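What follows is a short report on a single structure.
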Amino acid sequence: MSEISINIKGIGEHTFSPGITPLEIKNQIKGIQKNSIICKVDGDLIDLSSKISKSCEIQFLDAQSKEGHSVLLHSTAHLMAQAVKRLFPKTKVTIGPYLENRFYYDFDVETPFTEDDLVKIEDEMLKISSEDLEIIHEVKSREEAIKYFDKIDENYKVEIINDLDKDEILKTYSQGEFTDLCRGPHVHSTGEIKHFKLLSSSAAYWRGDEKNQTLQRVYGTSFQNPKDLKKYLNQLEEQKKRDHRKIGKELDLFFFDDEVGPGLPLWTPSGTVLIDQLEALAKEKETAGGYLRVRTPHLTKGDLFSKSGHLDHYMSSMFSPMDVDGIDYYMKPMNCPYHHKIFANTPKSYRDLPYRISEYGTCYRYEKSGELFGLMRVRSMQMNDGHIYCTAEQFKEEFINVCNLYMEYFKIFGIDKYEMRLSLHDPKGLGDKFINNPKLWKKTEDDVRNALKGAKLKFVESVGDAAFYGPKIDVQVWSSIGREFTLATNQVDFAIPERFDLTYTDKDGSAKTPLCIHRAPLGTHERFIGFLIEHFGGNFPLWLAPKQVTILPVSDKFNDYAEEIKKDLMSKGIRISLDNRSEKIGSKIRDAEMQKINIMVIVGEKEVENKTLTIRRRFIKEQKELSLDDFSNEILSEINERRVSN
RNA sequence: GCCUGCGUAGCUCAGUAGGUAGAGCACUUCGUUGGUAACGAAGAGGUCACCGGUUCAAUCCCGGUCGUAGGCUCCA
């Protein structure tokens, strides 16, 4: 057989006998990075032990590359599974994929893992690593694979194989006594996996279905380099410090009370400042965008929600009804039905469209107890809600304007890590989860997709995440501990206008049905503020900060001067406090820093004499001396511009 | 809702082979009047989440409830 030519990326062409493996190439050819753990042949990731039969291009990768790292993570999941099987032989393995910087493996075990168990598993993993077991892959026929996994009593694996496509190539990976069904590829020996850490264990359902068996999921992380592992673990610690639940407590922004109920936040004066600022921002932008503001009740007769479809499609997220004079009343889970009522209250002409109305309407949703999460997931929420009623011709522009509005907001806050997601219906849920009208779904989804493409907005698509009444654009963000949330949303509703018999009189005098766009560019106060707390780590920009300025007299002797300054700044609308305790200046500064107050105004003998203030900004030691007027002018313009720096 | 862990002063946390509890910070008072991240002293504070059970005795052991954490599922 003739030789084959392999172009090694970064090295050059070499000839080999067919059947050569990347591992052999790595050992033979000088200059290939020693820490390569996997390779790509003509763009496909393959095991280092795979045989190469024809000329190709090969690229060796270490775990610094995203693909290399994901292989390492995946292989670490297998290593963990092997350790678990050694320690708890009755365990049945299921699946163990990699995520970004993490992996997990789901196990069916008799008793859930304790923290001690995780330590034991980790120790066993280190042991297997030092055994340096070769990881061998084999292609198996369907029958062979089923027979094998059946024999070793791994029924989940058998179930997986039975569900795979008939022409799927089945592979097993073996390391020592442990064999797993897997697509691979994997690193070539357990000795390659050295620097890992198990992070947590929790429950998960088999195949993500709550009707199925509860499995134990163990999360972990793994790196090639101990420094990278340390860095990642530090990063996780740092992220925990930004957790809005922690900062919310430290800065006294909001809290939950057992006697009030879970998921029902109480906003303190400081937290309420954040709400007020957001609301002022929304009001300003919406007024400029042609919205009219409205107000609607929190409680309503069931008939309205029956008409809107909520009782059919949304009941599981609604609080149980209360009986009022023999009639069922519900807390509102959304504001839309009221806005439709307002639209319909007076006759509309084509001249009234687009008709845009908005409010910060408080909604109440029954979220299952285990789903509650700080401010990010609550049961009472103040929604930056609004509805646009427009003609088909106006739709595209209106829809994109909403997208632009939330981009504008994001710019104000400096939010740049988000993902726009076009959420589509899942045909399987029609009639139950979604309104049953396949044609309208298709048309509306196409319209939205085209509008987005026309505006050159980047987005991903997600099937099954639509609202029950129409497709939507969700803006996804991540909390500091990595959970994903929808921050803003922009939704189309093709069903409601008809259900509510909403019409307008067109130019020709005929009655037409408008399109309806639901939108919540700032989401809800709860989630948006929860997100902002983490985004800023509690260090709010001046315009948003609950405590903008504090005056720190050097000693009691200057309290009167401080009081004058306080009065002046307060009259200008600045959120100001005065620390007149008999404490040393250093102590007052420390307390102000801990409270993350933006600006400290220090006054002592010098300032009283000069009629000035000494200004010290949060985290900045350098100070400057200013007159009261110069100072207030300076910060007022910073506030009015909603500047984000510091 | 499901699985597991956790619940001690306003906050962060000690503690008890079962004999009703302690620190630091914060708070109040007194002294100190101090120039850039903690001045000193004293005082006040708790049905040890709640309800039952076992026990002479429960904060501790057992059961239940509620809350909470990590996930799963679900969502703004």
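Hydrogens, waters and symmetry mates are skipped; everything else that's a heavy atom, side chains included, is used. Bear in mind that the values here come from a model prediction, so they are computed numbers and not experimental data. Here is the naming used below: chain letters follow the sequence lines, and residue numbers restart at 1 for every chain.
Looking only at side-chain heavy atoms (C-beta outward), A:Phe434 and A:Asp426 come within less than 4.5 Å of each other. Contact annotation: the side chain of A:Tyr330 never approaches that of A:His310 to less than 4.5 Å [non-hydrogen atoms, C-beta and beyond]. Put simply, the side chain of A:Val93 does not reach to within 4.5 Å of the side chain of A:Tyr156, judged on heavy atoms. Looking at A:Asp591 and A:Arg581, their side chains come closer than 4.5 Å, going by heavy atoms from C-beta outward. Under the 4.5 Å side-chain criterion, counting only non-hydrogen atoms from C-beta, A:Lys624 is in contact with A:Leu626.
Using a 4.0 Å cutoff on non-hydrogen atoms, the parts of residues 548-558 of chain A near RNA chain B are A:Val554, A:Ser555, A:Asp556, A:Lys557, ordered by number.
Comparing the C1' positions of B:A44 and B:G10 gives a spacing of 13 Å, expressed to the nearest Å. B:U47 and B:U20 have their C1' atoms separated by 9 Å, with the value rounded to a whole Å. Comparing B:G53 with B:A42, their P atoms sit 44 Å apart, to the nearest whole Å. The same atom, P, is picked in B:G67 and in B:C50; the two are 15 Å apart, to the nearest Å. Using atom P as the reference point in both B:G22 and B:A38, the two lie 30 Å apart (nearest Å). Here the separation of B:C61 from B:U8, taken at their P atoms, is 15 Å to the nearest Å. Taking atom C1' on both nucleotides, B:G7 is separated from B:U59 by 11 Å, rounded to a whole Å. Taking atom C1' on both B:C2 and B:C74, the two are 12 Å apart, rounded to the nearest angstrom.
Comment: A:Glu237 engages A:Lys240 in a salt bridge, judged by a side-chain N to carboxylate O separation of less than 4.0 angstrom. Taking the charged nitrogens against the carboxylate oxygens, A:Glu398 and A:Arg356 do have a contact shorter than 4.0 Å, which makes a salt bridge.
Between B:G34 and A:Lys588, no contact under 4.0 Å exists linking OP1 or OP2 to a side-chain N or O. Regarding contacts with the backbone of B:U33, every side-chain N or O of A:Lys584 stays at 4.0 angstrom or more from both OP1 and OP2.
Heavy atoms of A:Gly604 sit under 4.0 angstrom from at least one base atom. Looking at heavy-atom distances under 4.0 Å, A:Ser316 makes no contact with the nucleic acid at all.
One atom, CD of A:Glu583, and another, C1' of B:U29, lie 13 Å apart when rounded to the nearest Å. With rounding to whole Å, A:His244 atom NE2 is found 12 Å from B:U68 atom P. Distance A:Arg618 CZ to B:U36 C1': 17 Å, rounded to the nearest Å.
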Passes side-chain hydrogen bond (donor to acceptor under 3.5 Å, both in side chains), A:Thr486 versus A:Gln476? Steps please.
CA-CA 5 Å; A:Thr486 299; A:Gln476 301 302 108; 2.7 Å; yes
Per-nucleotide pairing state of RNA chain B [Watson-Crick or G-U, under 3.5 Å; [ ] pseudoknot-crossing; | other strand]
(((((((..((((.....[..)))).(((((.......))))).....(((((..]....))))))))))))....
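Note: A:His78 and A:Tyr105 have perpendicular aromatic rings, judged against thresholds of 30 and 60 degrees for the angle between ring planes.
Side-chain atoms of A:Lys249 lie closest to B:C11 of the nucleotides B:C11, B:U33, B:U36.
In this structure, B:G45 is classed as syn because its glycosidic torsion stays within 90° of zero.
You'll find a donor-acceptor pair under 3.5 Å spanning the side chain of A:Glu607 and the base of B:G35, going by distance alone.
In this model, a donor atom of one side chain and an acceptor atom of the other lie less than 3.5 Å apart for A:Arg217 and A:Tyr219.
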Base, backbone or nothing for each nucleotide of nucleotides 43-51 of chain B, written B, S, -, heavy atoms under 4.0 angstrom, 5' to 3'?
---------
With the sugar-phosphate defined as primed atoms, P, OP1 and OP2, and the base as all remaining atoms, what B/S/- string results for nucleotides 69-76 of chain B, 5' to 3', for protein heavy atoms under 4.0 Å?
SBBBBBBB
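Test A:Tyr406, A:Phe528, A:Phe531, A:Phe540 against A:Phe413 for ring-ring contact (aromatic ring centres under 6.0 Å, His included) and you get one pass: A:Phe528.
In this structure, the separation between CD1 on A:Ile121 and CZ on A:Phe88 is 5.0 Å, given to the nearest 0.5 Å.
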For a quick test of your reading: what N or O donor-acceptor pairs under 3.5 Å do the side chains of residues 602-611 of chain A make, sequence neighbours left out?
residue: A:Glu607; atom: OE1; partner: A:Gly604; partner atom: N; Å: 2.7
residue: A:Glu607; atom: OE2; partner: A:Thr614; partner atom: OG1; Å: 2.4
residue: A:Asn610; atom: ND2; partner: A:Glu625; partner atom: OE2; Å: 3.1

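Among residues at least two apart or in separate chains, ring pair (Phe, Tyr, Trp, His ring centres under 6.0 Å) pairs with a member in residues 471-492 of chain A are A:Phe373-A:Phe485.
At least one test fails for A:Lys285 against the ring of A:Tyr409: distance under 6.0 Å to the centre or angle within 45° of the axis.
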